[in-house]
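Note that these values count all heavy atoms, side chains included, but never hydrogens, waters or copies made by symmetry.
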Amino acid sequence: MRFTVSAHDDTRKLVVLAVDDEPRGLDELVHCLKNSPHVAKVFPAIDASEALRLLSTDDPRLRERKDRGLPIVDAVFADIDMPGLSGMEMSRVFAALRPSPALVFVTGHAEEAVNAFDLGALDYVLKPYQQDRLDRAITRVIEKLASAAAPAPGAVGGEPGVKNDDEVIPVELAGTTKLIPRSSVRWVEAQGDYARLFTTEGSHLVRIPLAQLEERWEKAGFVRIHRSFLVALPLITELRMGQGGYQVVIGNEEKVLPVSRRHTRALKDRLVGSGRNG
């Protein structure tokens, strides 16, 4: 099944909630969202309390969505820094719903990006609003809905039962927040309390300990091979004995990384299991 959004098909357009405690900011956000040909309806809310009242709304269109088993809205575009209940706290309520709407944070505070993505945010848009940037966030919502409507994907790297929800990692670069898809990461190297993500396009330093990434990404096919390295298991093309012990070769670029003794047996077991499943 493929989720498509046509500019001429109201039944497939998005219903979204816009939340910002600044009236001018809310008006601007609603205006940009309504400018998208993929958005059918925008419900504005001046604070988190008003937004949460939608959970018990009698609006016929939203009541119909509940009856059809759809999220009350397809996406929530919310500011973070609001008086009373913050955008983060409000979004935890929406995230707990089943089914839950996509979460997109719109804020002037770049430092909250890591917390936002830990909460499961789909995107993180910095103020002042730019139409093309919000359009990209809307595209992410559409892609998520398409993924949810599609049959459950198979294993990542041949491991059965693993859902392929591609996480994105926010990276701060010269005042800009860049989103790195987990699927583009080939290996990760520990650098103190930070981790350096190596992708096909280069490397990016993020303030996330390697142990935390190991726990979060284990079911996505990443394996710890050394106290300093985490590797995407499907990209290992060779396990061989080197001068100081075992080594792995990553992909076609012939990148060689060391494997510590304590991780060798677990790595061999994962590689053998992956080969059988494949």
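For the pair V76/V16, no side-chain contact is recorded, criterion being any heavy-atom separation below 4.5 Å from C-beta on. K255 is not listed as a side-chain neighbour of T237, based on a closest heavy-atom distance of 4.5 Å or more. Contact check for L122 versus L103: no side-chain heavy atoms found under the 4.5 Å cut-off. Side chains of I142 and L14 form a contact here, defined as non-hydrogen atoms less than 4.5 Å apart. Contact of the V15 side chain with the F43 side chain is registered, since non-hydrogen atoms from C-beta on lie closer than 4.5 Å. T107 is listed as a side-chain neighbour of Y124, based on a closest heavy-atom distance under 4.5 Å. With a 4.5 Å cut-off on side-chain heavy atoms, V256 and V248 do not count as touching. Using a 4.5 Å heavy-atom threshold, the side chains of R133 and L126 count as separate.
Contact detail for L29 and V19: the closest heavy-atom pair is CD2-N, 4.2 Å. What you find for A51 and L17 is that their closest heavy atoms are CB-CD2, 3.8 Å. Between V30 and P44, the shortest heavy-atom contact is CG2-CB, 3.9 Å. Taking all atoms of both residues into account, the shortest heavy-atom contact from E22 to I46 is C-CD1, 4.3 Å. Of all non-hydrogen atoms in F229 and L257, the two that sit nearest each other are CE2-CD2, 3.7 Å. Listed here is the closest heavy atom pair of L210 and R227: CD2-O, 3.6 Å.
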Exercise for review: For the pair L267 and L233, evaluate side chain to side chain contact (heavy atoms under 4.5 Å, CB included) and give the outcome as yes or no after the intermediate values.
Suggested key: CA-CA 9 Å; L267 175 61; L233 187 68; 4.2 Å; yes
Review point. What's the verdict on side chain to side chain contact (heavy atoms under 4.5 Å, CB included) for V104 and V125, showing C-alpha distance, side-chain angles and the deciding distance?
Key: CA-CA 7 Å; V104 177; V125 181; 4.1 Å; yes
Exercise for review: Starting from the C-alpha separation in whole Å, work towards a yes-or-no answer on side chain to side chain contact (heavy atoms under 4.5 Å, CB included) for L239 and Q247.
Suggested key: CA-CA 6 Å; L239 173 65; Q247 301 171 331; over 6 Å; no
Check your understanding: Going through the distances and angles, do K144 and D123 end up as a salt bridge (charged side-chain N to carboxylate O under 4.0 Å, His left out)?
Key -> CA-CA 11 Å; K144 179 181 179 180; D123 208 342; over 6 Å; no
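The SG atom of C32 sits 10.5 Å away from the CZ atom of F77 when rounded to the nearest 0.5 Å. One distance of note links OG1 of T199 with NE2 of H204; it measures 4.0 Å at 0.5 Å rounding. Atom CG of residue L26 and atom CG of residue D79 lie 10.0 Å apart, to the nearest 0.5 angstrom. The distance from atom CH2 of W187 to atom CD1 of I225, rounded to the nearest 0.5 Å, is 10.0 Å. Atom CH2 of W217 is separated from atom CD of Q212 by 10.5 Å, given to the nearest 0.5 angstrom. The CG atom of L230 lies 9.5 Å from the CG atom of L197; values are rounded to the nearest 0.5 Å.
Residues satisfying the side chain to side chain donor-acceptor pair (under 3.5 Å) criterion with T139, sequence neighbours excluded, are absent altogether. Applying the side-chain contact (heavy atoms from CB on, under 4.5 Å) criterion to E215, with sequence neighbours excluded, gives no partner residue. Remark: E28 pairs with Y129 by the side-chain contact (heavy atoms from CB on, under 4.5 Å) rule, at least two apart or across chains. For S203, the side chain to side chain donor-acceptor pair (under 3.5 Å) criterion is met by R196, not counting sequence neighbours. The side chain to side chain donor-acceptor pair (under 3.5 Å) check on N35 picks up H31, Q131, with sequence neighbours excluded. For A232, the side-chain contact (heavy atoms from CB on, under 4.5 Å) test picks out F222, P234, L235, with sequence neighbours left out.
Salt-bridge check for R240 with E238: passed, with a basic side-chain N closer than 4.0 Å to an acidic carboxylate O. The pair K13-D74 does not count as a salt bridge, with every side-chain nitrogen at least 4.0 angstrom from each carboxylate oxygen.
Checking side-chain atoms of E218 against main-chain N and O of E214 turns up no donor-acceptor pair under 3.5 Å. With hydrogens and angles disregarded, no donor-acceptor distance shorter than 3.5 Å links the side chain of S36 to the backbone of L33.
Annotation: D132, atom CG; neighbour count of heavy atoms from other residues, nucleotides and ligands within 6.0 Å is above 12. By the 6.0 Å contact criterion, CZ on R136 is enclosed, its count of non-hydrogen atoms from other residues, nucleotides or ligands being greater than 12.
Here the rule is side-chain contact (heavy atoms from CB on, under 4.5 Å) with V39, and of I138, L134, V141 only I138 fits it.
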